[in-house]
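One structure is given here, and the rest of the page talks about it.
Whatever order the structure lists ligands and atoms in, that order sets their numbers, starting from 1.
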Amino acid sequence: MTTYKTPLRYPGGKQRLWPFLDEILTANNLLGGHYVEPYAGGAGIAFELLLRKRVSHVHLNDSCIGVHAFWHSILNETENFCRKISRASLTVDEWKRQREVFKVRHVADRLDLGFAMFYLNRCNRSGILTGGVIGGLSQTGKWKIDARFPRNELITRIEAIAAKRASIKIRNWDAERFLIDYLPRLPVKTLVYCDPPYFHKADRLYPNHYKATDHARISKVIQTRVKLPWVVSYDSCPDVLAHYRERRAFQYMLQYNAARAYKGAEVFIFSDKVDLPPGSAIAAINDGLRAVA
Ligand SMILES: C[S@@+](CC[C@H](N)C(=O)[O-])C[C@H]1O[C@@H](n2cnc3c(N)ncnc32)[C@H](O)[C@@H]1O
């Protein structure tokens with residue numbers, strides 16, 4: 001099946017779960033409506049749904065200034081961005097330069113920062129921005145710095161997304177503010193998918209992450225302030241299940257790779273407004289996914 005791949009590699013990326021969100025849209029008569037990700041990251045599901053015309057508009061938000069600079073630049077400076085991809089030098093010296101731009105991200109030029117984020121995402125192990133370069137500084141590993149940088153393919157993905165720019169809104173807010181202030185502006189025919197940073201080990205994966213108290217607070221905001229139908233996903237653990245104990249949830253196994261491949265138990269949680277698709281939809285997501293409860 002064709003996939004409309006996001007240009008970003010994302011630790012914990014959920015792109016392959018898009019058929020499940022599609023089933024939820026269908027079961028809740030939300031096809032053709034708006035779709036929101038307050039923790040967008042690579043936004044793989046959002047672009048699958050938009051480019052397949054399953055939703056008419058997507059609203060993305062991420063508090064990481066580098067992630068925002070990337071999405072903003074590919075939408076508003078598409079040609080310049082793609083030229084940078086064509087001309088990028090894939091060497092350790094250039095990687096060090098891009099790492100410096102990302103380090104001073106709060107004062108960097110937005111296009112330069114968006115590109116630095118992208119470069120590190122594509123050239124670092126597992127796409128971890130603060131991680132090491134593929135192949136190591138000596139480039140003696142089996143895979144080298146350019147292993148995940150297929151220029152033409154990445155340009156094609158970016159151009160496909162940029163062509164839909166009129167249907168895409170991107171914000172750089174804290175999710176709590178976004179949930180409280182932005183969502184009420186949206187039509188009732190909207191689905192909100194929250195994929196917060198993992199409860200465990202997120203500090204290894206993303207520059208922006210939550211402490212346990214933040215997870216508790218945001219769970220209250222989602223459950224009391226969000227009036228639109230919503231879905232949340234998490235790494236499954238007792239604290240998360242406790243925060244959402246009054247909501248329906250199901251756990252599943254998702255194979256992902258961040259530093260090493262392993263199977264993690266994840267959970268989807270649903271607002272009371274969401275009708276669940278029939279059980280078969282869960283099995284259909286793909287082989288890496290299986291309902292365990
Ligand atoms: C699990 S990742 C999202 C992955 C995404 N669903 C995908 O498929 O690529 C979580 C994202 O939340 C962002 N984030 C962390 N804290 C945030 C906050 N307080 N407000 C908004 N975004 C935040 C991180 O920068 C990261 O991109």
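Heavy atoms of Tyr206 found under 4.0 angstrom from ligand 1 belong exclusively to the side chain. Within the 4.0 Å heavy-atom criterion, the part of Pro196 lying near ligand 1 is the backbone and not the side chain.
Below 4.0 Å from some heavy atom of Pro197 lie the following atoms of ligand 1, by number and element: 10 (C), 15 (C), 16 (N). Residue contact check: Tyr210 has heavy atoms under 4.0 Å from atoms 18 (C), 19 (N) of ligand 1. Every atom of ligand 1 is numbered from 1 in the order shown, and the set under 4.0 Å from a heavy atom of Ala43 is 7 (C), 9 (O). With ligand atoms numbered from 1 in the order given, ligand 1 contributes 25 (O) to contacts under 4.0 Å with heavy atoms of Cys64. In the vicinity of Gly13, heavy-atom distances shorter than 4.0 Å reach the ligand 1 atoms 7 (C), 8 (O), 9 (O).
What sits closest to atom 20 (N) of ligand 1 on the protein, heavy atoms only, is Ala175 N, 2.8 Å. The protein atom (non-hydrogen) at minimum distance from atom 8 (O) of ligand 1 is Lys14 N, 2.8 Å. Scanning all protein heavy atoms for the shortest distance to atom 15 (C) of ligand 1 gives Asn208 O, 3.2 Å. When only non-hydrogen protein atoms are considered, atom 19 (N) of ligand 1 lies nearest to Asp174 OD1, 2.9 Å. Of the protein's non-hydrogen atoms, the one nearest atom 9 (O) of ligand 1 is Gly42 N, 2.9 Å.
Taking the six-membered ring where the residue is Trp, Phe270 and Phe20 present perpendicular rings, their angle passing 60° and hence far from 30°. Relative ring orientation between Tyr182 and Trp173 is described as perpendicular, the plane-to-plane angle rising above 60° on a 0-90° scale split at 30° and 60°. By the 30° and 60° cut-offs, the orientation of the rings of Tyr193 relative to Phe268 is tilted.
Within 6.0 Å of CG in Asn152 there are 12 or fewer heavy atoms belonging to other residues, nucleotides or ligands. The number of heavy-atom neighbours closer than 6.0 Å to CZ of Arg217, taken from other residues, nucleotides and ligands shown, is above 12.
Remark: ligand 1 and His209 share no N or O pair separated by less than 3.5 Å (distance only, no angle test).
Within the 4.5 Å cutoff, the side chain of Ile145 has heavy atoms near those of the Tyr119 side chain. At a threshold of 4.5 Å between non-hydrogen side-chain atoms, the residues Glu48 and Asp22 do not count as touching.
Considering Leu179, Asp195, Asp62, Asp235 only, the shortest heavy-atom separation from atom 13 (C) of ligand 1 involves Asp62. Distances from atom 14 (N) of ligand 1 to the heavy atoms of Ser63, Gly66, Ala40 show the closest one on Ser63.
Ion pairing between a basic and an acidic side chain is recognised when a charged N comes within 4.0 Å of a carboxylate O; Lys96 and Glu100 show no such pairing.
Screening Phe115, Tyr10, Phe118 for a ring pair (Phe, Tyr, Trp, His ring centres under 6.0 Å) involving Phe70 leaves a single residue, Phe118.
For the pair Arg99 and Phe102, the cation-pi test (distance below 6.0 Å, angle within 45°) is failed.
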